[in-house]
**Student:** 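Next up is a structure, given as structure tokens.
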Amino acid sequence: MAKRVVIDPVTRIEGHLRIEVVPENGYVKNAYSSAQMWRGLEIILQGRNPDDAWMFVQRICGVCTTVHAIASVRSVENALQLEIPYNAQMIRNLIIAAHALHDNIVHFYHLTALDWVDIVSALKADPQKAAKIAESYQDWKLNGASVFKAVQDKLKKFVESGQLGPFANGYWGHPAMKLPPEVNLIAVTHYLQALDYQRKATQAAAILGGKFPHIQNLAVGGVSTAINLDNEATLNMERLYYVKQLFEEVREFVHNCYLPDVIAISAFYKEWLNYGRGVDNYLAVPDLPQDTKGEVFDLPGGTIIGGDLSTVKPIKSFNDPYFINNVAENITHSWYKGDWTRHPWEEDTIPEYTGMPGGYVDGNGKYSWSKAPRFRHNGDYIPMQVGPLAQVLVGYAQGHKLTKKYVDQALSMLSSLAGTKVDINALQSTPGRNIARAIRAQMLSDLALKQWEQLVDNVGRGDYEIFNPPSYPAGEIKGCGFHEAPRGTLSHWCVIENGRIKNYQAVVPGTWNSGPRDSKGQLGPYEAALIGNPIAEPEKPLEVLRTVHSFDPCIACAVHMVDTEGKELVKVKAL
């Protein structure tokens with residue numbers, strides 16, 4: 001008899017996500033992704049001053065705060081065709097890099113690693129042996145037998161007290177867990193160290209943005225971060241050099257600890273390089289603009305169709321019609337009034353909750369608050385996977401030097417540790433998404449220091465300009481602002497009439513990836529990636545969580561809601 005496995009809520013994500021899978025003979029035969037709450041920021045923004053929109057949309061998510069602010073101001077600026085002062089671009093780029101580095105570190109160590117690392121098994125480890133293993137694949141200054149022993153002793157106290165804190169409710173001892181105890185101990189140690197290094201990244205963002213999360217220094221037209229090298233109350237050289245120091249420390253952690261850990265764990269689970277591919281159409285947008293018009297970028301964007309890197313087509317600027325004209329969303333299976341596929345500027349957002357008859361997704365009706373974004377290709381609207389994997393593949397396919405350098409290094413290390421040749425196609429998998437995110441962090445840690453040098457050099461030439469004031473014309477104007485956020489392609493779309501917001505839509509990474517089926521029955525990336533996954537114990541669907549978490553889910557972004565904490569509630573029903 002067939003079974004339906006429901007995980008609701010999925011935890012270690014941002015937002016309320018329900019995953020249903022149908023297992024058969026130890027593998028997932030079918031899957032449904034359902035976003036479970038809605039707040040309606042699009043409606044809240046109607047009639048408001050466009051200058052204020054970025055402050056509201058930061059509250060879409062408790063993690064993806066800065067990214068929505070950036071995309072929002074860009075959407076209004078592009079509607080006005082407003083150039084942004086060079087200093088403002090560099091300050092924004094530094095905030096973007098700081099936020100992304102924080103997010104990427106947290107994603108691996110604190111959100112997804114616990115699907116691969118058996119915390120309790122670390123109690124059986126030999127710290128001396130753990131030190132030798134760590135030294136064999138990474139050069140990290142905070143390794144060592146004494147360090148690993150101290151963490152093991154701390155973990156033992158947690159276990160004996162019965163208060164595992166963030167490590168409670170894990171699937172410890174699950175048959176799909178296969179790391180040696182020593183590698184588990186290494187991972188737990190770096191989990192704790194990562195807490196400090198992600199904090200350093202947020203410190204940099206807070207210094208530049210006024211606070212973190214929910215930065216305060218953006219403005220349509222630039223930033224409000226006053227620059228005066230001789231004033232203690234402004235952005236001066238002392239603060240700039242402290243920001244540089246923080247970025248240097250985070251870069252060392254990313255290069256010497258984070259990336260090697262991801263690759264080493266992936267090598268132990270090399271069979272998983274065959275699982276989780278799903279939707280193999282990829283979308284990324286360019287970012288870290290290097291000019292005032294948004295036409296030159298440090299990170300490239302584009303599309304890849306069918307997983308074939310030779311199909312890459314670049315997205316070149318903020319106003320590139322290839323991106324702007326081809327994005328749409330479908331609501332056939334979403335809890336909104338109607339059944340349409342529309343461009344974001346033409347959408348409405350009218351909630352119409354119909355529930356799930358029988359308590360389960362039947363595959364025919366509406367079952368999610370997330371819309372289903374699609375990209376027009378050869379006249380058809382197709383699903384796209386977004387995220388660091390998309391950005392890495394798009395950059396590699398275009399010959400982007402920094403991407404190619406770090407991808408080739410990562411694949412070489414993975415091949416060596418796995419004992420088999422691994423090429424770039426293997427990244428189109430569940431562990432591949434984790435590796436791609438670490439590669440992206442490598443690039444951003446390098447580029448952050450480049451943006452810093454460019455800002456300091458420009459200020460040193462006497463340019464302190466940070467703001468170009470906007471002026472709203474009579475009549476209607478439309479704008480799209482995009483940003484390659486830590487979780488993937490984010491775009492905000494505004495229609496402004498007589499200086500007020502007439503319509504506002506956010507098409508976000510969580511929507512691209514977690515969205516439901518569309519009117520043609522095409523699955524979204526979560527759903528497609530889960531089909532074919534192993535599932536050893538339906539009552540403990542660890543393998544399902546591995547693939548879902550590899551996307552770094554942000555369902556708050558998908559449906560504009562708040563987060564809750566709790567244990568996954570798993571129920572299995574015979575159908």
Side-chain angles (χ1 to χ4, degrees), residues 12-15 54-55 57-73 90-113 142 166 190-218 223-225 235 238-259 261 287-288 388 437-438 440-452 455 483-488 490 509 552-554 556-557 562-563 565:
R12 281 185 279 126
I13 66 169
E14 165 63 324
W54 69 273
M55 291 290 286
V57 297
Q58 278 198 97
R59 274 71 186 175
I60 282 175
C61 177
V63 176
C64 309
T65 55
T66 296
V67 301
H68 287 290
I70 292 287
S72 180
V73 295
M90 293 303 106
I91 290 172
R92 289 182 181 184
N93 288 351
L94 286 168
I95 294 172
I96 286 169
H99 176 257
L101 289 167
H102 148 76
D103 191 286
N104 293 162
I105 292 169
V106 167
H107 168 260
F108 177 67
Y109 286 103
H110 309 125
L111 302 182
T112 195
L142 296 182
H190 294 164
Y191 174 109
L192 297 173
Q193 293 172 357
L195 291 169
D196 187 42
Y197 284 88
Q198 62 84 24
R199 177 180 59 82
K200 292 178 187 293
T202 61
Q203 280 182 282
I207 291 168
L208 295 164
K211 66 186 288 285
F212 190 91
H214 304 120
I215 59 173
Q216 300 294 298
N217 73 318
L218 284 191
V223 296
S224 59
T225 310
L235 189 60
E238 180 182 1
R239 292 183 181 183
L240 282 168
Y241 271 103
Y242 185 45
V243 167
K244 182 182 182 184
Q245 175 188 326
L246 291 168
F247 274 120
E248 288 172 339
E249 292 178 10
V250 173
R251 181 185 183 279
E252 183 181 13
F253 178 80
V254 167
H255 280 261
N256 296 340
C257 186
Y258 170 24
L259 181 85
D261 275 349
D287 218 319
L288 301 186
R437 185 166 282 103
R440 183 178 190 266
Q442 277 189 301
M443 293 193 291
L444 285 168
S445 68
D446 288 4
L447 291 172
L449 294 171
K450 177 190 174 187
Q451 314 304 307
W452 186 93
L455 172 62
H483 165 45
E484 189 64 14
R487 292 166 172 83
L490 165 67
D552 195 2
C554 191
C557 288
V562 295
D563 189 23
E565 295 294 335

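Being a predicted model, the structure only gives us computed values, none of them experimental.
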**Student:** Can H68 and Q58 be counted as having a side-chain donor-acceptor contact under 3.5 angstrom?
**Tutor:**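 Short answer, no.
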**Student:** If I take atom CG from residue L240 and atom NZ from residue K244, how far apart are they, to the nearest 0.5 angstrom?
**Tutor:**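 Here the rounded value is 10.5 Å.
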**Student:** Are any of the side-chain heavy atoms of V73 and R92 separated by less than 4.5 Å?
**Tutor:**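 Counting from C-beta outward, V73 and R92 do come under 4.5 Å.
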**Student:** Checking side chain to side chain contact (heavy atoms under 4.5 Å, CB included) for the pair T202/Q198: CA distance, chi angles, key distance, verdict?
**Tutor:** CA-CA 7 Å; T202 61; Q198 62 84 24; 4.2 Å; yes
**Student:** If I take atom CE from residue M55 and atom CD from residue Q216, how far apart are they, to the nearest 0.5 angstrom?
**Tutor:**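 Here the interatomic distance stands at 4.0 Å.
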**Student:** Identify the two heavy atoms, one from P388 and one from R487, that lie closest to each other, and give their separation to 0.1 Å.
**Tutor:**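 Nearest heavy atoms, P388 then R487: CD-C, 4.5 Å.
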**Student:** Is it the case that the side chain of Y258 and the backbone of N104 share a donor-acceptor pair, with hydrogens and angles ignored and the cut-off at 3.5 Å?
**Tutor:**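 Yes; at least one donor-acceptor contact below 3.5 Å.
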**Student:** Centroid-to-centroid, Y197 to Y109, below 6.0 Å?
**Tutor:**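 Judged by ring-centre distance (under 6.0 Å), Y197 and Y109 do not meet the cut-off.
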**Student:** Working to the nearest 0.5 Å, report the span between NE2 of H483 and NE2 of H99.
**Tutor:**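 Rounded to the nearest 0.5 Å, the NE2-NE2 separation comes to 7.5 Å.
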**Student:** So, for A204 and A98, which heavy atoms are closest and what is the spacing to 0.1 Å?
**Tutor:**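 Heavy atoms only, the tightest pair is CB-CB, 4.2 Å.
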**Student:** Show, in sequence, the C-alpha distance, side-chain angles and deciding distance for I91 and L235, and conclude whether the side chain to side chain contact (heavy atoms under 4.5 Å, CB included) test is met.
**Tutor:** CA-CA 10 Å; I91 290 172; L235 189 60; 4.1 Å; yes
**Student:** Just by modelled atom types, is the E484 backbone N or O under 3.5 Å from a matching donor or acceptor in the D287 side chain?
**Tutor:**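 Checked: pair present.
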**Student:** Closer than 3.5 angstrom, by distance alone: can the side chain of W452 be matched with the main-chain N or O of L94 as a donor-acceptor pair?
**Tutor:**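 No: the side chain of W452 does not pair with the backbone of L94.
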**Student:** Evaluate the side chain to side chain contact (heavy atoms under 4.5 Å, CB included) criterion for residues L246 and I207: first the C-alpha distance (whole Å), next the side-chain angles of each, then the deciding distance (0.1 Å), finally the verdict.
**Tutor:** CA-CA 11 Å; L246 291 168; I207 291 168; 4.1 Å; yes
**Student:** Between Q442 and L259, is there a donor-acceptor pair closer than 3.5 Å when you use the side chain of the first and the backbone of the second?
**Tutor:**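 No, the answer is negative, given that no donor and acceptor are paired below the 3.5 Å cut-off.
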**Student:** Keeping E252 on the side-chain end and E248 on the backbone end, is there a donor-acceptor pair under 3.5 Å?
**Tutor:**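 Not at all, since once roles are kept as given, no pair shorter than 3.5 Å links the two residues.
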**Student:** At their closest point, which heavy atom of P213 faces which heavy atom of T65, and how far apart are they?
**Tutor:**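 Scanning both residues, the minimum pair turns out to be CB-OG1, 3.7 Å.
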**Student:** Measuring from atom CG of L142 to atom NE2 of H190, what distance do you get when rounded to the nearest 0.5 angstrom?
**Tutor:**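 It comes to 7.5 Å.
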**Student:** Rounded to the nearest 0.5 Å, what separates atom CE in M90 from atom CD1 in I96?
**Tutor:**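 It comes to 9.5 Å.
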**Student:** List the atom of A205, the atom of I215, and the distance in Å for their closest heavy-atom pair.
**Tutor:**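 Looking at all heavy atoms of both residues, the closest pair is O-CG2, 4.5 Å.
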**Student:** To the closest 0.5 Å, what do you measure between NE2 (H107) and OG1 (T112)?
**Tutor:**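 Answer for the NE2-OG1 pair, H107 versus T112, is 4.5 Å.
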**Student:** Report yes if some heavy atom in the side chain of L444 is under 4.5 Å from a heavy atom in the side chain of R440; otherwise report no.
**Tutor:**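 The answer is yes, as the side chains (C-beta and beyond) meet within the 4.5 Å cut-off.
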**Student:** Looking at every non-hydrogen atom in both residues, tell me the closest pair between F247 and L449 and how far apart they are.
**Tutor:**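 Scanning both residues completely, I find the closest heavy atoms to be CB-CD2, 3.9 Å.
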**Student:** What do the steps show when you test L208 against V223 for side chain to side chain contact (heavy atoms under 4.5 Å, CB included), and what is the final call?
**Tutor:** CA-CA 10 Å; L208 295 164; V223 296; over 6 Å; no
**Student:** Under a 4.5 Å cut-off applied to non-hydrogen side-chain atoms, are D196 and K200 in contact?
**Tutor:**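 Touching, per the 4.5 Å side-chain cut-off.
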**Student:** Search all heavy atoms of A485 against all heavy atoms of L490 and return the closest pair with its distance.
**Tutor:**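 Taking A485 first and L490 second, the nearest heavy atoms are CB-CB, 4.4 Å.
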